[in-house]
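Only one structure is covered here, and it is reproduced in the block below.
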Number of protein chains: 2
Amino acid sequence: MNCPTMPTSVDGSRQKLLASAERLFAERGFSGVSVRDIASGAGVNSALVGYYFGNKLGLLSAVYLRHCKPLNEERLRMLREFSRQPGGATLEQVLEAFLRPALVDAPDHNGRSEFTRLRSIISGENSALLEETIAENFDRPGRTFVDALARCLPHLTREDVLWRFHFLLGSLYHTGAHASRICILSGGQCDPSNAEASLAQLIPFMAAAFRSPQVLTEPADRLSYAAV
Amino acid sequence: MNCPTMPTSVDGSRQKLLASAERLFAERGFSGVSVRDIASGAGVNSALVGYYFGNKLGLLSAVYLRHCKPLNEERLRMLREFSRQPGGATLEQVLEAFLRPALVDAPDHNGRSEFTRLRSIISGENSALLEETIAENFDRPGRTFVDALARCLPHLTREDVLWRFHFLLGSLYHTGAHASRICILSGGQCDPSNAEASLAQLIPFMAAAFRSPQVLTEPADRLSYAAV
DNA sequence: GTCTATATACTGATAGAC
DNA sequence: GTCTATCAGTATATAGAC
């Protein structure tokens with residue numbers, strides 16, 4: 001069954017290291033974890049990190065590359081599917097195509113939601129060397145989704161859509177990070193690690209927000225809602 | 001002018017260390033920066049970190065405590081002021097009272113927005129020892145604001161309000177982190193480091209989102225917008 | 001491919017002079 | 001309060017045996 005020319009999922013040291021790194025980076029960030037910890041978690045020798053990935057950053061980069069393509073391909077596949085219907089994709093569908101693949105673990109590619117948590121944590125750290133990888137893999141799909149959102153929202157300027165997309169990203173990252181604050185405040189009622197519950201709340205919430213009228217650019221630079 | 005009994009803003013080593021730590025922690029996180037870097041940035045000897053704060057974590061804790069109280073006091077002060085008018089505070093006003101003090105630097109307390117960026121980065125890291133500090137300082141104001149939001153939104157369950165508050169926090173943190181992704185995507189049009197522009201976009205966006213109808217709890221555990 | 005051993009640098013923390 | 005000096009531990013990375 002194990003074809004040597006195309007090993008499907010042999011637990012080689014390389015794969016073990018990738019899995020361990022993904023788990024630990026998502027848990028403690030890049031600087032918060034050592035290559036020794038990763039190797040120990042994978043049950044392999046720490047020198048193999050150098051052999052397979054060059055150095056620690058190469059390992060993080062490999063974790064990124066393993067997930068970037070499948071994630072964005074599924075996003076775009078869902079978007080294309082939704083867009084085929086007459087009238088094009090609804091706003092809710094565009095949002096679902098963007099959010100669902102990031103939060104729900106696919107049956108073939110596990111760790112999809114863990115990868116979202118990883119991105120959330122790493123995005124804060126000084127990841128100047130990852131900047132290129134991120135830009136190459138997320139800029140184009142990002143633009144595609146901004147375009148799709150703009151098509152659903154002809155009353156908005158592109159600047160408005162971009163701001164709203166930025167807020168959407170924040171909510172997605174915060175949800176993917178499994179922030180426990182809301183869990184504690186709610187006494188366990190709200191659990192962001194429940195992907196389906198998060199999507200059921202996040203999609204209609206964001207749809208209503210995106211549909212709100214265009215923001216007027218105030219001449220005053222200090223806008224306050226004190227004076228109604 | 002310098003009264004010795006109450007030195008207003010003498011640049012003692014302690015204050016220099018706090019300022020340097022705040023800047024560097026906000027930039028690179030807790031594990032990403034060393035006490036030597038912080039001391040060097042402050043222009044003081046690294047041994048003074050132990051003298052004034054005990055250890056590195058004590059320094060982070062001191063940075064937190066310096067900002068927590070003024071931040072939340074201003075939030076609550078604004079909320080009380082808005083609530084005095086007949087009919088109570090509007091939804092937009094509750095949101096402004098929560099968001100503005102976190103994003104705009106007060107004239108007396110500088111680094112308010114930097115502190116929001118700090119919290120954003122640290123919240124991802126394993127900060128189990130800060131958990132207590134955060135809970136003590138943010139749980140009560142958080143509950144107060146959830147209550148105020150719920151009063152504006154009688155059509156929602158408390159669980160709905162909590163979910164939406166969670167999404168609001170995500171957008172706030174992501175904006176406070178000065179995420180550069182949107183800046184690049186927009187060609188500089190959208191700049192989250194511009195606090196007033198962020199507030200002008202974020203408040204009406206979130207107000208519309210909070211006002212959206214209650215989320216129906218679906219019997220199916222996989223809700224999809226494919227079938228309209 | 002996988003291991004041991006190690007080079008080299010940096011980490012947080014502290015003892016003790018001034 | 002501030003300094004120098006230094007401890008013990010850990011970091012990443014690599015050279016070289018097998």
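Order of the sequence lines sets the chain letters (A, B, ...), proteins ahead of strands, with each chain counted from 1. Scope of the values below: all heavy atoms of this structure, side chains included, with no hydrogens, waters or symmetry mates.
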Taking protein heavy atoms under 4.0 Å as touching, what does nucleotides 4-18 of chain C look like 5' to 3' if B marks base contact, S marks sugar-phosphate-only contact and - marks none? B------BBBB----
Assess whether side chain to side chain donor-acceptor pair (under 3.5 Å) is satisfied between A/Ser40 and A/Asp37, documenting all intermediate values. CA-CA 5 Å; A/Ser40 169; A/Asp37 289 338; over 6 Å; no
Involving DNA chain C, stems made of at least three consecutive Watson-Crick or G-U pairs, both distances under 3.5 Å: C:1-7 with D:12-18, C:9-18 with D:1-10
Can you tell me how far [atom2] of [N] sits from [atom1] of [X], to the nearest Å?
X: A/Ile38; N: D/dT10; atom1: CD1; atom2: P; answer: 17 Å
X: A/Leu59; N: D/dT14; atom1: CG; atom2: C1'; answer: 17 Å
X: B/Phe53; N: D/dT2; atom1: CZ; atom2: C1'; answer: 15 Å

Salt bridge (charged side-chain N to carboxylate O under 4.0 Å, His left out) with [X]: which residues, sequence neighbours excluded?
X: A/Glu159; answer: none
X: A/Asp105; answer: none
X: B/Arg14; answer: none

One pair to check against side chain to side chain contact (heavy atoms under 4.5 Å, CB included): B/Ser113 and B/Val104. What are the steps and the verdict? CA-CA 6 Å; B/Ser113 63; B/Val104 177; over 6 Å; no
Quick one: which residue pairs count as a ring pair (Phe, Tyr, Trp, His ring centres under 6.0 Å) with a foot in residues 29-48 of chain B, not counting sequence neighbours?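 Listed by first then second residue: B/Phe25-B/Phe30.
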Pairwise distance CD(A/Glu132) to CG(A/Leu130) - rounded to 0.5 angstrom: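 It is 10.0 Å, given to the nearest 0.5 Å.
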On the six-membered ring of B/Phe205, is A/Arg164 placed so that its NZ or CZ lies under 6.0 angstrom from the centre and within 45° of the ring axis? no
